[in-house]
2 protein chains.
Amino acid sequence: MGKKDNTEAEYKILEAARKVFIKKGYAGARMREIADEAGINKGLLHYYFKTKDGLFESIFDELLMTFAPQLNIIFESDLPFFEKIEQFINQYMTVLINNPDLPSFIVHEMQQNEEKVVNAILKSKHKPNPMKFMMQIQMEVATGKIRAINPVHLMINMVSLCAFPFVGKPMFKGMLHINDVEYLQIMEIRKKEIVDFIINSLKI
Amino acid sequence: MGKKDNTEAEYKILEAARKVFIKKGYAGARMREIADEAGINKGLLHYYFKTKDGLFESIFDELLMTFAPQLNIIFESDLPFFEKIEQFINQYMTVLINNPDLPSFIVHEMQQNEEKVVNAILKSKHKPNPMKFMMQIQMEVATGKIRAINPVHLMINMVSLCAFPFVGKPMFKGMLHINDVEYLQIMEIRKKEIVDFIINSLKI
DNA sequence: GTCTATAGGTAGATAGAC
DNA sequence: GTCTATCTACCTATAGAC
């Protein structure tokens, strides 16, 4: 077997690493399992990525960026208030539906290495900056467009209503006695449910 | 050193195991670290608990029970609807504020071993059964007491608004530039914020 | 019951043939 | 570039002294 396109092996390794790390977490993942998943040899992992830690960082940064820019859409856009909320919910839920196991992975690894991860986010050019959005909320309150509400909690509410159903998927699946496919269908319907829930709560 | 009260050593081990498992997760926890945390020898762990897996199960079942019975309070009580919601939010948030690292641990380990954990819950006498509560929601809608809302999503909303701020604590702390003490203060205020948010959303 | 010492297994990482 | 074989370190678990 001659030499292959090196980008292909590297790509297969990254794909496999993403899959295994997301499923098992950093501590639970095995270099052996990543190699098997990629269909290559264990030694080759260390040829492309010196250490497990290096491989992890290569994929983690990329995964973080799957979420952070989506958050910035709401925080920094100039849309009218209710439209901004609706667009954020739809867009964020779509990302989550397409990556249902990602939230659990992110929050777990963030907790394992809080300062390291938080610093990585803050240094990133995609750093979430909710201040503009929270000021817009206060403006809406001040001008009587919505009821008085604490901007910090409204922001937390929006993210929580979208993200937790994916983090707690096993629990809700068990309580509702449904399978993965049915759960994702519920999440699809949920886009509109969340928007209605928030908008109704904000009306004067 | 003579023999000590055996319940004391066992208690210290369980305390230490709970702390280390919650912080590091099953895969990341080390028997050595648990022994050190308990102030006893590594060999003694295996005297009281044959295996790491056995020690884990000893504490995990107990931790699960910290949450499930609280959920049943809302699902099975006979309180008027809005009072039931308020009591649930206050009670559940109090549990979470007193155990802020528990949600991340539970959801991560549930995902690692979904069928095993879900079966353990379903077999438990504290099994969460949201059916009664969801039927009450439908009754409120039918009698025109609240706006039309999907009971499944209202139930998910209530849990999500309480639990996610703890799962995503590192993220929110980073975004808001605050420390742990300040974060818990926000969570204390949040009890009322969540109740207001839900009640306002349900009004006709 | 509590400790020390160590066995047995497996993980990440390296060396070297091809 | 890709593989096999192996090293070293660490982790769980056991054996045995006290």
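Each chain gets a letter, A, B and so on, in the order the sequences are listed, and its residues count up from 1. Just so it is clear, the model here is predicted, and its values are computed rather than measured. Just the heavy atoms: all of them, side chains too, but no hydrogens, waters or symmetry mates, feed the values below.
- A:K24 and A:E33 are joined by a salt bridge, as a carboxylate oxygen and a charged side-chain nitrogen come within less than 4.0 angstrom of each other.
- For B:R30 and D:dA13, the CZ to C1' distance is 14 Å, given to the nearest whole Å.
- In terms of phosphate contacts, A:Y47 brings no side-chain nitrogen or oxygen within less than 4.0 Å of OP1 or OP2 of C:dT14.
- One side chain, B:Q136 or B:K84, offers a donor N or O that lies under 3.5 Å from an acceptor on the other.
- Comparing A:G39 and B:R32 by the nucleotide of DNA chain D that holds the closest heavy atom to each, the one mapping nearer the 5' end is A:G39.
- Between B:E15 and B:R18 a salt bridge is recorded (basic side-chain N to carboxylate O distance below 4.0 Å).
- We find that NZ of A:K52 is positioned 18 Å from P of D:dA9, with the value rounded to whole Å.
- Note: CZ (A:F49) to P (D:dT2) measures 12 Å, nearest angstrom.
- For A:K42, counting side-chain heavy atoms from C-beta on, the closest listed nucleotide (C:dC3, D:dT6, D:dT12) is D:dT6.
- Contacts of B:A29 with the nucleic acid, taken as non-hydrogen atoms under 4.0 Å apart, involve only primed sugar atoms and P, OP1 or OP2.
- Side-chain proximity of A:L44 to the nucleotides D:dT2, C:dG12, C:dT2 is greatest for D:dT2.
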Pair A:H108-A:Q112, side-chain contact (heavy atoms from CB on, under 4.5 Å): steps then yes or no: CA-CA 6 Å; A:H108 180 252; A:Q112 295 310 301; 3.4 Å; yes
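- Look at CG on A:L45: it is 10 Å from P on D:dC3, rounded to the nearest Å.
- Counting only heavy atoms from C-beta on, B:Y48 has its side chain closest to C:dG1 among D:dA13, D:dC11, C:dG1.
- When only modelled atom types and interatomic distance are considered, B:K191 and B:T94 share a side-chain donor-acceptor pair under 3.5 Å.
- Between A:N41 atom CG and C:dA15 atom P the separation is 16 Å, expressed in whole Å.
- B:D36 places its CG atom 16 Å from the P atom of C:dT2, with the value rounded to the nearest Å.
- Between the C1' atom of D:dC3 and the CE atom of A:M31 lies a distance of 16 Å, rounded to the nearest Å.
- Nearest to the side chain of A:H46, among C:dC3, D:dT12, C:dT14, sits C:dT14.
- For A:K50, the side-chain atoms get nearest to C:dT14 when compared with the rest of C:dT14, D:dA13, C:dT2.
- We find that CD1 of A:I40 is positioned 14 Å from C1' of D:dT4, with the value rounded to whole Å.
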